[in-house]
Amino acid sequence: MHEVYIIDHPLIQHKLTHIRDKETSTKLFKELLEEVSMLMAYEITRNLDLMEVPVETPLMQTTGKVLGGKKLAVVPILRAGLGMVQGIESLIPNLRIGHIGMYRDHDTLEPIVYYCKLPPDMDQREVIVVDPMLATGGSAAAAVNHIKEQGAKRIKFMALVAAPEGIAEFRRIHTDVPIYTAAVDEKLSEQGYILPGLGDAGDRIFGTR
Ligand code: URA
């Protein structure tokens, strides 16, 4: 059973507090989310494999290290996950980006994939699935299911804020996928909002509230 990792770096926690603040503008919200996503990606990619390569400095020949392991892909869950991509992209060379969109069926309440475009060779990649809010866990779990069906074997899930209910549901289904989050909040509201949370992440990123 994989763990839940809370990334409690002081800079992340500081920025998260401003992200939560209802007075924070759309522009600042988006910038802070990108910054936090970059910092979280830095922590999450700590264990990437390296290989040694020769390099010639202006003074002499030496040996350096470059990324040598599996190629990476990030897959934002539409639409709020989009707000995390640029921060991650600015950090990771040669990052491939997939997209997955989910909606909830009115009758069954099951999450359904309505759009999915992934890079090729998903079985060869380390995949980071991102959504700022891990709320009920239903759409996150369904998205990861679908991504596994496309061949992905090594997946990490990254959220900004998670609800205990969402963590429990996600871990029940995906014991092999670690969750990384900056905070585990109190609970879900009856309407499915994370409390205290930050409101609707998509609305706050895109200014649609
Ligand atoms: N999605 C959001 O954007 N916010 C929540 O609080 C829960 C789900």
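Read the numbers this way: they start at 1 and go in the same order the structure lists the ligands and their atoms.
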Peer 1: Can you check whether A201 has an N/O within less than 3.5 Å of an N/O in ligand 1?
Peer 2: yes

Peer 1: Decide yes or no for Y180 and E43: does some side-chain heavy atom of the first lie under 4.5 Å from some side-chain heavy atom of the second?
Peer 2: no

Peer 1: When you measure from the heavy atoms of G199 to every atom of ligand 1, does any distance fall below 4.0 Å?
Peer 2: yes

Peer 1: With a 3.5 Å distance limit and no angle check, can you tell me whether S189 reaches the backbone of Y193 through a side-chain donor-acceptor pair?
Peer 2: yes

Peer 1: Sub-3.5 Å donor-acceptor pair from the side chain of R204 to the main-chain atoms of I19, do we have one?
Peer 2: yes

Peer 1: Where is the nearest protein heavy atom to atom 7 (C) of ligand 1: which residue, which atom, and how far?
Peer 2: G192 O, 3.4 Å

Peer 1: Any N or O on I194 sitting closer than 3.5 Å to an N or O of ligand 1?
Peer 2: yes

Peer 1: Would G197 count as a contact of ligand 1 if the rule is a heavy atom under 4.0 Å away?
Peer 2: no

Peer 1: To the nearest 0.1 Å, how far is atom 2 (C) of ligand 1 from its closest protein heavy atom, and which atom is that?
Peer 2: M133 CG, 3.5 Å

Peer 1: Is a side-chain donor or acceptor of D105 paired with a backbone partner of T108 at a separation under 3.5 angstrom?
Peer 2: yes

Peer 1: Does the E110 side chain pair with the main chain of G138, one donor and one acceptor, at a distance under 3.5 Å?
Peer 2: no

Peer 1: With atoms numbered from 1 as shown, which atoms in ligand 1 lie under 4.0 angstrom from a non-hydrogen atom of A135?
Peer 2: 7 (C), 8 (C)

Peer 1: Closest approach of R20 and A183, non-hydrogen atoms and distance?
Peer 2: NH2-CB, 3.5 Å

